[in-house]
Amino acid sequence: MASNQSSTAPPAGVVLEAEGLTKHFPVPRRGRAILSRTAQAVHAVDDVDLTLRRGTVTALVGESGSGKSTVARLLAQLHPRTAGDIRLDGVSTTVRGGRPFRSYVRDVQMIFQDPFGSLNPVHTIRHHLTRALRIHHRAGRGKDGLRRALEELLGRVHLTPADAYLDKYPHELSGGQRQRVAIARALAADPKVLLADEPVSMLDVSIRLGILNLLRDLKERLDLAVLYITHDIASARYFADETVVMYAGRMVEGGDSESVTQRPAHPYTRLLIAAAPDPERITAAEAGAGEEDGDGDTGEPPSLVAPPPGCRFGPRCPAAMARCRTDLPPRIELPDAPGHWAACWLYDAGTVAAAPPEATS
Ligand code: SF4
């Protein structure tokens with residue numbers, strides 16, 4: 001069932017928007033907990049605002065358990081949300097299966113982390129792609145129309161000639177080829193949005209770049225809005241136009257990728273970047289230049305059943321102040337960096353006025 005609560009014209013290029021997106025999973029009660037009167041919940045995602053634009057890759061970066069995959073599943077309407085709004089082309093949309101869900105997924109397609117798990121091993125590539133084309137009414141007329149549609153799909157993901165792949169089973173393809181088939185299946189719907197949940201993390205390092213280049217090429221050729229979910233902030237710089245960082249279910253920093261990755265503002269983003277492999281940094285350290293070696297301890301995230309009341313990064317933050325323990329930091333736009341923001345009290349006007357300049361550099 002679909003409920004379209006409201007409709008407003010979105011800004012130019014905006015396809016999918018989330019506002020105040022929240023997901024709390026109830027904790028199953030067991031044993032003594034049955035006697036508890038207070039239902040507990042995992043605060044997996046809280047108050048996430050996200051905008052996906054045509055022809056743009058947005059990276060959603062965070063460590064395991066940060067809530068980034070839950071955001072993707074909420075946007076794909078695979079989970080009901082606890083609160084917040086999702087607008088597709090400006091129309092507030094909630095779908096629960098059936099025809100409305102099929103209509104929604106025609107526009108918003110998801111690519112999963114494990115290409116082998118997402119393809120049925122007993123069916124050929126021809127079967128997977130034909131089924132997707134028929135579901136979305138794009139199989140063409142007759143055998144020739146279907147044949148052309150299949151060739152076009154495989155051509156889009158650079159699996160040519162089509163005859164070399166159509167009658168193979170998933171296990172006969174490499175991991176990279178399987179992920180290309182999964183992408184082709186998503187394209188069968190002719191979507192506006194691709195939600196790619198860690199699309200290269202299960203692939204050999206040697207073929208990851210090829211898949212990322214393919215997604216970037218598709219973004220440009222098909223004017224797609226792509227959400228690229230990853231724990232690898234270094235790949236976000238290379239691949240994404242915009243980058244948003246999540247920590248413990250909340251968004252903590254966002255802006256254009258170059259700015260976020262080269263001039264990170266939030267202490268958590270700085271830790272992520274320090275922990276990312278960086279050949280230049282390793283070389284410098286080996287040469288005895290005294291640079292960081294990238295193995296810095298980034299600690300553990302807080303419990304999401306009882307998250308800290310103020311900043312969720314507070315217990316790990318080297319710059320934490322008294323107010324960080326009690327007050328949730330809002331998004332604060334950084335001076336001289338239009339569109340780049342951080343949810344951190346370090347950038348509040350009052351803190352900046354009281355602090356020495358290097359504290360916010
Ligand atoms: Fe650290 Fe406070 Fe900023 Fe949170 S709000 S990241 S605790 S300085």
Side-chain angles (χ1 to χ4, degrees), residues 20-24 42-50 58-68 70-71 229-234 236-237 242-276 278 292 294-361:
L21 200 57
T22 298
K23 180 66 184 177
H24 295 172
V42 176
H43 296 230
V45 171
D46 268 320
D47 200 21
V48 160
D49 293 348
L50 193 64
T58 303
L60 186 55
V61 182
E63 60 198 344
S64 180
S66 61
K68 56 193 190 305
T70 304
V71 168
I229 291 173
T230 182
H231 59 272
D232 176 14
I233 197 164
R237 181 190 173 200
E242 296 175 5
T243 292
V244 176
V245 181
M246 276 191 85
Y247 179 75
R250 286 191 174 276
M251 295 171 72
V252 296
E253 182 164 1
D256 73 86
S257 294
E258 183 72 12
S259 185
V260 170
T261 58
Q262 294 305 293
R263 293 175 296 284
H266 196 281
Y268 174 63
T269 311
R270 292 179 184 172
L271 271 182
L272 266 187
I273 288 173
D278 181 338
E292 288 180 77
D295 292 333
D297 177 19
T298 58
E300 293 293 326
S303 160
L304 293 181
V305 175
C311 174
R312 290 188 181 177
F313 190 59
R316 291 168 65 182
C317 181
M321 300 165 278
R323 73 187 303 191
C324 304
R325 284 195 288 276
T326 52
D327 301 345
L328 192 64
R331 287 185 180 201
I332 299 172
E333 187 104 359
L334 302 178
D336 305 325
H340 185 175
W341 58 269
C344 174
W345 288 121
L346 286 175
Y347 303 94
D348 181 55
T351 311
V352 172
E358 62 269 23
T360 57
S361 64

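Order of appearance sets the numbers: ligands from 1, and atoms from 1 within every ligand.
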Discussion item. Side chains of Glu253 and His340, heavy atoms from C-beta outward: is any pair under 4.5 Å?
Written reply: yes
Item to complete: Counting heavy atoms only, name the option from Arg312, His266, Arg270, Arg325 that's nearest to atom 6 (S) of ligand 1.
Response: His266
Item to complete: Examine distances only and state if a side-chain atom of Thr261 and a backbone atom of Ser257 form a donor-acceptor pair shorter than 3.5 Å.
Response: yes
Item to complete: Go through the steps to decide whether Phe313 and Val252 satisfy the test side chain to side chain contact (heavy atoms under 4.5 Å, CB included), and finish with yes or no.
Response: CA-CA 9 Å; Phe313 190 59; Val252 296; 5.9 Å; no
Item to complete: To the nearest 0.5 angstrom, please state how far the CZ atom of Arg263 sits from the OG1 atom of Thr269.
Response: 13.5 Å
Worksheet, complete the sentence: In short, salt bridge (Lys or Arg N to Asp or Glu O under 4.0 Å) pairs touching residues 325-347 with sequence neighbours left out are none
Worksheet entry | Side chain to side chain, Val305 and Val42, heavy atoms closer than 4.5 Å | yes
Worksheet item: For atom 2 (Fe) of ligand 1, which protein N/O/S atoms are closer than 2.8 Å?
Response: Cys324 SG
